[in-house]
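Below you'll find the structure, written out as structure tokens, and then a few comments.
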Number of protein chains: 2
Amino acid sequence: MFNRIANIIHECQLQGENLLVVGVSGGPDSLFLLHALNFLGYHMVAVHVNHGLRSEADEESEQVKQFADDLVVDLITTRVDVISYASKVSISIEEAARVLRYRSLFEQAKICGASAVVVGHNADDQVETILMHLLRGSGLVGLRGMGFFTLPNPWSVEIPLVRPLLSTWRAEIQKYLDDHHIKAIYDTSNQDISFFRNKLRHELIPTLEQYNPSIRQVLARMSLILKDDYSILEELTDKAWESILIKEGSGYLAFQTEEFLQLPISIQRYFLRKAITHHLPGLRDVDFNCIERGLTLLIGEKPDSQTDLIAGLRLVKKGTQFWITTWQADLQAGEYPAIMIDEKIELQIPSTHLLNNDWQFEVEESRNPTMDNFLREGNWDPFQAWLDRNSLVFPLIIRVRSTGDKIEPLGLNGHSIKISDLMINLKLPKPARATWPIVCSGSEIVWVPGYRICERARIIAGTSEVIHMRLHRYRTT
Amino acid sequence: MFNRIANIIHECQLQGENLLVVGVSGGPDSLFLLHALNFLGYHMVAVHVNHGLRSEADEESEQVKQFADDLVVDLITTRVDVISYASKVSISIEEAARVLRYRSLFEQAKICGASAVVVGHNADDQVETILMHLLRGSGLVGLRGMGFFTLPNPWSVEIPLVRPLLSTWRAEIQKYLDDHHIKAIYDTSNQDISFFRNKLRHELIPTLEQYNPSIRQVLARMSLILKDDYSILEELTDKAWESILIKEGSGYLAFQTEEFLQLPISIQRYFLRKAITHHLPGLRDVDFNCIERGLTLLIGEKPDSQTDLIAGLRLVKKGTQFWITTWQADLQAGEYPAIMIDEKIELQIPSTHLLNNDWQFEVEESRNPTMDNFLREGNWDPFQAWLDRNSLVFPLIIRVRSTGDKIEPLGLNGHSIKISDLMINLKLPKPARATWPIVCSGSEIVWVPGYRICERARIIAGTSEVIHMRLHRYRTT
């Protein structure tokens, strides 16, 4: 088992003399990882991130300190303020904890001059990840699962993220710990894993095992093969990228359209995906439809045109070039979505409304919730919203912000913040704030387009009817 | 809906003036296909294959005749003898019906000078196929599902197999038939679909829909993307094939080892797969392990060596070349597996026995049935067998054939045939017959290695303990 782990690290070009930063929560996976790396003689520093979320957090930090001391491994404990970060950038506690944890690990790796950050995802985590991707339909990129070696990653372009336990099963890890009387910390609240992943682990995988008792092994093996397949397509994409890229700058990329259109369709798709993750390296899932929207525009006859891609990115076709830009880079003052200060637009459902500066607002009812909010653990396109119809008061109204407006944004467990603070925190351009359209349901703000929906109106397991809204720019030129 | 169908046919380079042979069972899919193609104005001949398996068969042929007459479409009805073909080549009734049906369609297409054979697989069939492949772990080749256009296919290298309904859902087809008061034939016994596929359709897919209500659409879309991805890898493989192939002949292919080893690992895998399906175009599933066995041998240091791949194919490394050969092409008289005429080998479990001519017989107990027999609807490696322990009488014994020996081979519903006839039908080389090893359980023959297991000893849903046997050749030279 240790051999398997050593082989993976070796294939990542890491030697005994390289310093590794090892993320240690104290749970079974990371504790086993620490033991394995120690046994194999790697040079390492353990980093424990205290999220301060649970009452046991400080006590657990002490335990982790003891684990490290027992193995004579250096330990750095960092402390992060998940609640206030989640509140500041308005993301869920779970997501905020993840972001801050990785950020801490990579910061420490930089300070220590480490060659890699090593974390303890195991083969069962991998299988669950693959199935989550399969259920979302994310193609080869998702089906190959997590990487053994990831560089660049959302936290660094120099320090790789390494996962040496991806071929080691949870049961093997547990057996090793039991055999050696090593007692890990078990987080009974399981805050680190989502409802969806839990259901997958405890219900879907056992069901699939009725069809093939080796399904976990089969999927793990599949991911290895698909990784190799993907790396060929990735290499072809990188090669095309180099020859087609004209220029890049803060928030924009420019390419040659005609050369792009000569690529095979598969590479065209990976190319657009690469451009999107170039702007948004933290994006966890690139929606398939946005790739197709982009391709449709590029293949289309219309010479100068544009389309929204995802998360505020847009694709603009201009002359012989096409640009992929963030909306902030793309929009000048006077081009932001806007309504009149005293305007109140009552939304019929379905309906379409023209706002100022060539923006269009669409609202419709959807009887088939896509469950995207569950599947993706967050909707990545801030210019679209899916809300639970039963949580809303009709008619919905679009208006500008008003003094004292508050929102309870998704992910803050009902904690509310002022709209004016939200706009500042999220860097909504100052000239746009006073006329930015906001969607209200009764006295409550349910959506700030481009930014956040409110927690209470989100889609939940019992949601049967869904209101879908979309704000997008059209230009006649 | 008809537009979608027309687009697919158009992308297959088929025009209105091309003659299409359309397979029509009279079921909803094929009947809808006939209506759709007729509506779209294609030039076609309907071919109905009467399997003669059910009492209603002749009556149904009459109904199909009426369907064709109503649309003023020419109909050819052919008759095949499924039972005796299944018995002759010793395959299951289901598989024999499939083989004879396609063979008939392609024969008629050749006679009529048709440009394609068109069949009615729909989008739901596609999703089920993809899931079956996923459960088996068959990688990109399986995950892309059935092709819209397949050439070469197991039945022709000139006439493509076209499936224009792959983007049309079962419910859409049924709605069309209902709306137009068209009454299809419903085979209540559902002989055409396997137990495994049925379970998938009625249990697994509804379960997956709880995780993502759009799972069917998601998987269908995924298959389209993966098809494009795969076609790039396929093209790279074909290019490599041309430059590395030294010679080919009946039952053998020879390649340059060093050039092969310089290919990316992904292409090496597809290359070996291509070599295998070159010899066995009807092989429905190439086992992952056999590809890895081949690669391990080729990458290994050992200069002259060989390994079994699958279904009697072997890979032989010799000097600067490697060969992929059928065992019939590879073996000379005097190299067949053999035991002494009067020998009786009692099999301990587990144990390994050396037979004559450098063959080795292995038997072991397996507590985790792989369910391969279910998943693949047949084990494609005739030199391995998996049997239900509870159906066997111990000790198992290896001996040569004896006068009057019979076997009830898998797939013939308990129908028994003489071992001497089996050997002739399956073309076991004459000089090998008298000393060929046969596995007996009490008075019953349970395995003729290289050929068939007996029906009664097969793995079934309730199998808990499995006996696995393998016969393979080792050479010390």
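Order of the sequence lines fixes the chain letters, A, B, ..., with proteins taken first and strands second; residue numbering starts at 1 for each chain. Heavy-atom basis, side chains included; hydrogens, waters and symmetry copies ignored.
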Against chain B, label Leu226(A) side chain, backbone, both or neither, depending on which of its atoms sit under 4.5 Å from a heavy atom there. side chain
Honestly, the part of Leu204(A) sitting under 4.5 Å from a heavy atom of chain B is both
Would you call Glu234(A)-Lys274(A) a salt bridge at under 4.0 Å N-O? no
So, are Arg269(B) and Asp228(A) salt-bridged, with charged N and O less than 4.0 Å apart? yes
Proximity breakdown for [X] and chain A, heavy-atom pairs closer than 4.5 Å:
| X | answer |
| --- | --- |
| Ile215(B) | side chain |
| Glu203(B) | both |
| Ile232(B) | side chain |
| Leu219(B) | side chain |

Please work out which of the three classes, parallel, tilted or perpendicular, describes the rings of His468(A) and Trp386(A), given edges at 30° and 60°. parallel
Could you verify whether a donor N or O on one side chain and an acceptor N or O on the other, from Asn122(A) and Thr168(A), lie under 3.5 Å apart? no
Verify whether one side chain among Arg458(A) and Ser391(A) offers a donor that lies under 3.5 Å from an acceptor in the other. no
Using salt bridge (charged side-chain N to carboxylate O under 4.0 Å, His left out) as the criterion, point out the one residue from Arg216(B), Arg170(B), Arg163(B) that pairs with Asp125(B). Arg170(B)
What residue in [options] has the most heavy-atom pairs under 4.5 Å with chain A?
| options | answer |
| --- | --- |
| Arg221(B), Lys227(B), Glu235(B) | Arg221(B) |
| Thr207(B), Ile291(B), Leu236(B), Leu134(B) | Leu134(B) |
| Tyr270(B), Tyr230(B), Phe288(B) | Phe288(B) |

Can you tell me how far CD1 of Ile9(B) sits from CD of Glu11(B), rounded to the nearest 0.5 angstrom? 11.5 Å
Mind checking side-chain hydrogen bond (donor to acceptor under 3.5 Å, both in side chains) for Gln262(B) and listing every partner two or more places apart, or none if nothing turns up? none
Mind checking which of residues 142-151 of chain A sit less than 4.5 Å from chain B, heavy atom to heavy atom? Leu143(A)
Which pair of heavy atoms, one from Leu315(A) and one from Gly294(A), lies closest together, and at what distance? CD1-CA, 3.9 Å
Is there a donor-acceptor pair closer than 3.5 Å between any side-chain N or O of Glu209(B) and the backbone N or O of Ser214(B)? no
Does the Glu465(B) side chain pair with the main chain of Arg389(B), one donor and one acceptor, at a distance under 3.5 Å? no
Pair count under 4.5 Å, heavy atoms only, with chain B: among Ile225(A), Asp229(A), Val218(A), highest is Asp229(A)
